Amino acid sequence: MTFSISFNGIELSALADGFTSIERNFGATWTNNLGTEGITRYGQEFIYNYSGAKTIVVTLIKDGIPKDWVNIRQKIAKALDVPEPSPLIFDDEPGKIWYAVPDQLPTFSEDITGLRATGTLTFIVPSGVAVSSYTQKLNADNSGGANGSITVNSDNSVDVLVNNQGTLPAYLNLKFTHKSDNAYIGMAHPNGVMALGSQEQTLIDSKTTETTKVESQWLLNPSGISQKSNFDGHFDVANDVGNPQNGQLLTAGNLVYNKDGLRLQDGGPTPEKDKVYSAIGAMQVFKVPADKVGDVGTKNFTSTFNIFAQATKQGQTGLIQVLFCDANNKLMAGMGIYKDDSKGNSFRTQLYIGGNHPRTWKTFGPAGQELNNGGHGDGKVPNPNLYFNSTTGYFTIQKKDRVFNFTFGNKGGNYPITIPELGDVKCTKVFVYMGQLKGRDIGSQYITNLSLRMFNFQKNDVTKTIDSNTDASTFIPADNHHYGNGEVVNVDMGSAKIYRKEGATIANDELITGSEPFSVPVGESIINCTFGDGATPPDIELTWKERFL
């Protein structure tokens, strides 16, 4: 049986008649940094050492005559033409991937007399290590197995015993799925400590002048998508208000909960013929309620919503908008999905900003994505929509003082912008608009699936008053509602990135000062996870790829 070696997805063994040698050595080259001679009486002082890039050499043979060797020269040359480290996999270790690039001159010596050609391929692995081709997983379902265990302690902390079966430290991805509201997440390990969210704070003096503390409060926190309770009692009809982003969008129709979320039912009465409108549709409004101390409106907020946008026929049109406004119905920020392609399936995702210069700030598409098929990637659509389909569709808008941050939930990036004149402006209303383009039928020509399936809203500047005589030994409590029930938080130790809301919204500002990501060593070690007072321990899942010298 021929020994198999593949590089960049190409089986080199299928091109050659065999391999005569493989040099993988014991790890990579070690370099030792020693002190100056003569500083110590004997030898030299050891300072540190490190392992460099790894070199792998493969020698292959190909029998035949010169015309038989043309093909192998061309195909191997093509396989080696890579712009970045690519997977190199050997038959005897199929679970390990060396991310390598070709190095030096790939030789191919053709012995015309003996009718055998010999080739030498040199690869360099910049990282010096191999990565497992599989992902290890530890959760409640396999706790107690080979990968470790998860134990809930009597104080509601959780000990996660991780068994790293590689030969190098590993970087974990930790996923916390909340089963109650929670103030913070703490992860303590011998290699380091990482903490997220809200933290208890001690007053400065025994008779402090600090009288207020800012904390967060969920003003609307639905448990999941496609639930009628997400909208009942929270959204009101707003057909007496003009569209805050574009006054040419009629708002005389009706939005109703249908199937999976808010959908356009009708566009209202037919407009007068002498009036020119770019769309007819309907609008509802979420009026930001008073917080727990009675204040209405918020200068700092985070809102995540879920949209399903799927055109199932060529040429369907329509639009949806989520618009964050002040008390005078003036636009502060928003996003929309706009499809005016009446023949094909291209669409635009638009980000809006208000202030002194209201405008469509960014537009994504139409050339890069399509609404058809909802982005399920079944091969029928060349550029599927990866953001707003039946399984993803999350989007977050956050305001922190003067900065607005727009984030695609499918890890599609975040886009911040500073609008100084809106720094002290409070958001008091959120409008949801859906409509059809002028002259187009809402029934047969409207986008088949265009719905707002979930909406939540968190106020991030609730002011709590503290008694000025409070003793210094007491604490200002942590914000017990910082993370909501059902919210997912992902911590990627390898990339030092944090995601919250549905587990895909970038949120690196969650990191509490003084903490940082860490790795786990080879073998067994324990991560002690702690949470806010009164919180039910979240479900915890860890995933990681093992590494090998």
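Since we're looking at a predicted model, the values are computed, not measured.
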Chemist: Just by distance, with hydrogens left out, do Asp159 and Thr151 show a side-chain donor and acceptor under 3.5 Å apart?
Modeler: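 No.
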Chemist: Does a side chain donor of either Ser157 or Thr530 reach within less than 3.5 Å of an acceptor in the other side chain?
Modeler: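 Judged by distance alone, the side chains do not pair up.
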Chemist: Apply side chain to side chain contact (heavy atoms under 4.5 Å, CB included) to residues Gln136 and Leu542 and explain how you reach the verdict.
Modeler: CA-CA 8 Å; Gln136 297 284 28; Leu542 286 74; over 6 Å; no
Chemist: Side-chain contact test, heavy atoms from C-beta onward, threshold under 4.5 Å: evaluate it for Lys459 versus Asp295 and give yes or no.
Modeler: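 Answer yes - side chains close enough.
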Chemist: Are Phe457 and Trp218 an aromatic pair by the rule of ring centers under 6.0 Å?
Modeler: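 No, ring centres 6.0 Å or more apart.
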Chemist: Considering non-hydrogen atoms only, spot the tightest contact between Ala146 and Asn163 and give its length.
Modeler: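 Here Ala146 and Asn163 meet closest at O-ND2, 2.8 Å.
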Chemist: Hey, which of Leu511, Leu172, Ile185, Leu196 is the one that makes side chain to side chain contact (heavy atoms under 4.5 Å, CB included) with Val491?
Modeler: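 Answer after filtering Leu511, Leu172, Ile185, Leu196: Leu196.
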Chemist: For Thr505 and Thr396, which I'm curious about, is there any donor-acceptor pair between the side chains at under 3.5 Å?
Modeler: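 Thr505 vs Thr396: donor-acceptor pair found between side chains.
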Chemist: Name the orientation class of the two ring planes belonging to Phe286 and Phe235 (parallel below 30°, tilted from 30 to 60°, perpendicular beyond 60°).
Modeler: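 Ring orientation of Phe286 relative to Phe235: tilted.
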Chemist: Can you tell me if Tyr99 and Glu84 form a side-chain donor-acceptor pair at under 3.5 Å?
Modeler: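 No, Glu84 and Tyr99 have no side-chain donor paired with an acceptor closer than 3.5 Å.
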Chemist: If you take the centroid of each ring, where Trp contributes its six-membered ring, are Phe404 and Tyr415 closer together than 6.0 Å?
Modeler: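 Ring centres of Phe404 and Tyr415 not closer than 6.0 Å.
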Chemist: Give me the atom names and distance for the closest heavy-atom approach of Asn221 to Asn485.
Modeler: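 That would be ND2-N, 3.6 Å.
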Chemist: Side chains of Thr122 and Asp103 only: does a donor on one sit below 3.5 Å from an acceptor on the other?
Modeler: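 No pair is found: no donor N or O on one side chain lies under 3.5 Å from an acceptor on the other.
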Chemist: Would a 4.5 Å heavy-atom cut-off, applied to side chains only, mark Val288 and Leu219 as touching?
Modeler: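 Yes, their side chains come closer than 4.5 Å.
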Chemist: Pairs in or reaching into residues 511-522: which pass salt bridge (Lys or Arg N to Asp or Glu O under 4.0 Å), with residues at least two apart or in two chains?
Modeler: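 Non-adjacent pairs meeting salt bridge (Lys or Arg N to Asp or Glu O under 4.0 Å): zero.
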Chemist: Of all heavy-atom pairs between Met335 and Ile307, which one has the smallest distance, and what is that distance?
Modeler: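 Scanning both residues completely, I find the closest heavy atoms to be SD-CD1, 3.9 Å.
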Chemist: Would you please say whether a donor-acceptor pair under 3.5 Å links the side chains of Glu510 and His482?
Modeler: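 The answer is yes; a qualifying pair exists.
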Chemist: What's the shortest heavy-atom distance between Cys529 and Met187, and which atoms?
Modeler: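 Reported closest heavy-atom pair: SG-CG, 4.2 Å.
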Chemist: Kindly confirm or rule out a cation-pi arrangement of Lys96 over Phe548, judged by NZ or CZ under 6.0 Å from the six-membered ring centre and within 45° of its axis?
Modeler: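 Yes - Lys96 lies over the ring of Phe548, closer than 6.0 Å to its centre and within 45° of its axis.
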Chemist: Would the Phe123 and Phe7 ring centres measure less than 6.0 Å apart?
Modeler: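 Centroid distance Phe123-Phe7: below 6.0 Å, so yes.
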Chemist: Would a distance-only check, ignoring hydrogens and angles, find a side-chain to backbone donor-acceptor pair under 3.5 Å from Ser132 to Glu546?
Modeler: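 Looks like yes, one N/O pair under 3.5 Å.
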Chemist: In terms of the angle between their ring planes, are Phe324 and Phe305 parallel, tilted or perpendicular, with boundaries placed at 30° and 60°?
Modeler: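 The arrangement is tilted - the two ring planes meet at 30° to 60°.
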Chemist: List the atom of Lys399, the atom of Lys299, and the distance in Å for their closest heavy-atom pair.
Modeler: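 Between these two residues, the closest heavy atoms are NZ-O, 2.7 Å.
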Chemist: Do we get Arg24 above Phe90's six-membered ring, with its NZ or CZ under 6.0 Å from the centre and within 45° of the axis?
Modeler: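 The answer is yes; both the distance and angle limits are met.
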Chemist: For residues Ser495 and Asp492, is any side-chain donor paired with an opposing acceptor at under 3.5 Å?
Modeler: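 Their side chains do contain a donor-acceptor pair, which is all the 3.5 Å distance test asks for.
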Chemist: Assess, by modelled atom type and distance only, whether the side chains of Asn147 and Gln165 contain a donor and an acceptor separated by less than 3.5 Å.
Modeler: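 Looking only at side-chain atoms, Gln165 and Asn147 do form a donor-acceptor pair, the distance falling under 3.5 Å.
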Chemist: Measure from the side-chain N and O atoms of Asn173 to the backbone N and O of Met493, and report whether any donor-acceptor pair falls under 3.5 Å.
Modeler: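 Not at all, since once roles are kept as given, no pair shorter than 3.5 Å links the two residues.
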Chemist: Which pair of heavy atoms, one from Ala183 and one from Gly532, lies closest together, and at what distance?
Modeler: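 Residues Ala183 and Gly532, closest heavy atoms: CB-CA, 4.0 Å.
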Chemist: Measure centre to centre between the rings of Phe531 and Tyr184, then say whether the value is under 6.0 Å.
Modeler: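 Aromatic pair excluded; centres sit 6.0 Å or further apart.
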Chemist: So, the side chain of Gln217 versus the backbone of Lys292: is there a donor-acceptor pair under 3.5 Å, distance only?
Modeler: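 At least one qualifying donor-acceptor pair exists.
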